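The model shown is predicted, which means the values in this text are computed figures rather than measured ones. The first residue in the sequence is number 1, and the count goes up from there.
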Amino acid sequence: MKVFLCGGGAGIQTIEANKRLNEVIDHSKPCLYVPLAMEHTMYADCFEWIKGELKNVDIPYIEMVNSADELAAKNMNDFGVIFIGGGNTFKLLHELKASGAFEKIKEYLNSEGVVFGGSAGAIIFGKDLEACKLDDANEVNLSDINGFDLLDGASILCHYTNRTAEEDEKARQYLLEVSKHRRVVALPEEVTLFINGENLEVIGNRPYFLFENGAIITQKEE
């Protein structure tokens, strides 16, 4: 299992993460891009963005899905990496679960697949979506907000410390409250966590933050 959890950065913020991605993928296989967290009208722009974002990653081409049903129908083992982009996390998780793609991604990971998730695409790999209620509205009325739970029971929040001072303080207070009954990993945009089998690598030159028992108990650096 190889999963990159990116705090929501792009461009210069993700250079090192993309270099690490390039080291672990099968270069003979294309990338499957999943923009489902965004509105459908944005997909064309999303595709232009991902082409620029991965321009230095050695892949034959990028294929984009336009629906969760299309994603669920794919043979995911045909792809060297599945890239799941940002947007509304509740929309993304709802579509993955309703289509059956959620279980297929699990199977892909269990067969040594590689996934790169940015922002919403990273948050779904936490315990649940509780932490991201700070940022995302549950307009799809998703009741089962449990994610893939790859961080030992911790939920994930992205874009942490990349907001205005007022928004950063609001986020800090929110996570202090939420963490009274769950662990939360808060990722700056410049940080990517790489789950490489049993190992966890920190990519980036900033710390990330762990909230637990109503406190920030640690911040870990590379």
Q.
Which heavy atom of Ser28 sits nearest to which heavy atom of Asp26, and what is that distance?
A. OG-OD1, 2.6 Å

(Q) Between Lys133 and Asn138, is there a side-chain heavy-atom distance shorter than 4.5 Å? (A) no

Q | Test item: Ile84 and Ile105 side chains (from C-beta on) under 4.5 Å apart, heavy atoms | A | yes

**Q.** Note, Arg182 side chain near Asp128 side chain (heavy atom, < 4.5 Å)
**A.** yes

Q: Output, in order, the C-alpha distance, side-chain angles, deciding distance and verdict of side chain to side chain contact (heavy atoms under 4.5 Å, CB included) for Val115 and Lys2.
A: CA-CA 6 Å; Val115 172; Lys2 292 179 171 60; over 6 Å; no

Q: Please confirm whether the backbone N or O of Leu36 pairs with a side-chain atom of Lys91, one donor and one acceptor, at under 3.5 Å?
A: yes

Q: Please lay out, stage by stage, how Ile156 and Ile124 fare under the test side chain to side chain contact (heavy atoms under 4.5 Å, CB included).
A: CA-CA 8 Å; Ile156 300 171; Ile124 60 172; over 6 Å; no

Q: Could you tell me whether a side-chain N or O of Lys29 sits under 3.5 Å from a main-chain N or O of Asp78, the two making a donor and an acceptor?
A: no

Q: Take Tyr160 and Arg172 through the test side chain to side chain contact (heavy atoms under 4.5 Å, CB included) and record every step on the way to the result.
A: CA-CA 9 Å; Tyr160 188 67; Arg172 189 179 74 87; 3.5 Å; yes

Q. Taking a hydrophobic cluster as the set of Ile, Leu, Val, Met, Phe, Trp and Tyr residues connected by side-chain heavy atoms closer than 4.5 Å, whether directly or through intermediates, do Ile50 and Ile15 fall within one such cluster?
A. no

Q: Mark yes or no for whether Lys97, through its side chain, and Ile145, through its backbone, hold a donor-acceptor pair below 3.5 Å.
A: no

Got a list of side-chain donor-acceptor pairs under 3.5 Å for residues 53-62, not counting sequence neighbours?
unit_1	atom_1	unit_2	atom_2	d
Glu53	OE1	Gly11	N	2.9
Glu53	OE2	Thr14	OG1	2.4

Q) Nearest heavy-atom pair of Cys6 and Phe116: which atoms, and what distance? A) CB-CE2, 3.7 Å

Q | Contact summary for Ala131 and Val184, nearest pair of heavy atoms | A | CB-CG1, 3.9 Å

Q. When you measure from the side chain of Asp136 to the backbone N and O of Phe90, does any donor-acceptor pair fall under 3.5 Å?
A. no

Q: Please step through salt bridge (Lys or Arg N to Asp or Glu O under 4.0 Å) for the pair Lys51 and Glu48, ending with a clear verdict.
A: CA-CA 5 Å; Lys51 287 192 294 184; Glu48 291 304 310; 3.0 Å; yes

Q: Evaluate the ring planes of Trp49 and Tyr33, with Trp represented by its six-membered ring, and classify them as parallel (under 30°), tilted (30 to 60°) or perpendicular (over 60°).
A: tilted

Q) Can you name the residues that form a ring pair (Phe, Tyr, Trp, His ring centres under 6.0 Å) with Tyr108, not counting sequence neighbours? A) none

Q) Atom CG of Leu5 and atom CG of Leu151: how far apart are they, to the nearest 0.5 Å? A) 5.5 Å

Q) Just checking, any donor-acceptor pair under 3.5 angstrom between side chains of Asp69 and Ser67? A) no

Q.
Counting only heavy atoms from other residues, nucleotides and ligands, does the tally under 6.0 Å from CD of Glu70 exceed 12?
A. yes

Q.
Looking at Glu167, is its backbone amide N or carbonyl O close enough to the side chain of Thr164 to form a donor-acceptor pair, meaning the two atoms are under 3.5 Å apart?
A. yes

Q) Tell me, do Tyr208 and Val185 make a side-chain contact under 4.5 Å, heavy atoms counted? A) yes

Q. What distance separates Asn77 CG from Asn75 CG, expressed to the nearest 0.5 Å?
A. 5.5 Å

Q: Determine yes or no for a side-chain-to-main-chain donor-acceptor pair under 3.5 angstrom, with Thr161 supplying the side chain and Pro188 the backbone.
A: no

Q. Do Leu176 and Ile216 come close enough that some side-chain heavy atom pair is under 4.5 Å?
A. yes

**Q.** From Leu129 atom CG to Ser155 atom OG, the distance as rounded to the nearest 0.5 Å
**A.** 8.0 Å

**Q.** Main-chain N/O of Asn199 paired to Asn196 side chain as donor or acceptor, under 3.5 Å
**A.** no

Q: Report yes or no: does Arg183 contribute a side-chain atom to a donor-acceptor pair with the main-chain N or O of Asp152 at less than 3.5 Å?
A: yes

Q. How far apart are the closest heavy atoms of Ser119 and Gly86, and which atoms are they?
A. CB-CA, 4.1 Å

Q. From Phe102 CZ over to Leu93 CG, what is the distance, rounded to the nearest 0.5 angstrom?
A. 6.0 Å

Q: Would you tell me whether Glu169 and Gln173 have side-chain atoms, one donor and one acceptor, within less than 3.5 Å of each other?
A: yes

Q | Minimum-distance pair of heavy atoms, taken over all atoms of Leu175 and Ala186 | A | CD1-CB, 3.8 Å

Q) Any side-chain heavy atom of Glu63 within less than 4.5 Å of one from Cys31? A) no

Q) Does the distance from a Lys or Arg side-chain N to an Asp or Glu carboxylate O, for Lys19 and Glu16, drop under 4.0 Å? A) yes

Q | From CG (Leu193) to CG (Leu200), nearest 0.5 Å | A | 5.0 Å

Q.
When you measure from the side chain of His181 to the backbone of Asn213, do you find a donor-acceptor pair of N or O atoms at a distance under 3.5 Å?
A. no

Q: Flag yes if more than 12 heavy atoms outside Glu166 fall under 6.0 Å of its CD atom; otherwise flag no.
A: no

Q: I would like to know whether Leu32 and Val81 meet side chain to side chain contact (heavy atoms under 4.5 Å, CB included); could you show each step before the answer?
A: CA-CA 6 Å; Leu32 184 62; Val81 57; over 6 Å; no

Q: For residues Ala154 and Asp149, report the shortest heavy-atom separation together with the two atoms involved.
A: N-OD1, 4.4 Å

**Q.** Full working for salt bridge (Lys or Arg N to Asp or Glu O under 4.0 Å) between Arg20 and Glu201
**A.** CA-CA 10 Å; Arg20 190 71 180 98; Glu201 300 177 23; 2.9 Å; yes

Q: Would you indicate whether the side-chain heavy atoms of Met1 and Glu112 approach each other to under 4.5 Å?
A: no

(Q) Once you measure the plane-to-plane angle for Phe148 and Phe125, does it fall in the parallel (<30°), tilted (30-60°) or perpendicular (>60°) bin? (A) parallel

Q | Heavy-atom side-chain contact between Met76 and Leu71 under 4.5 Å | A | yes

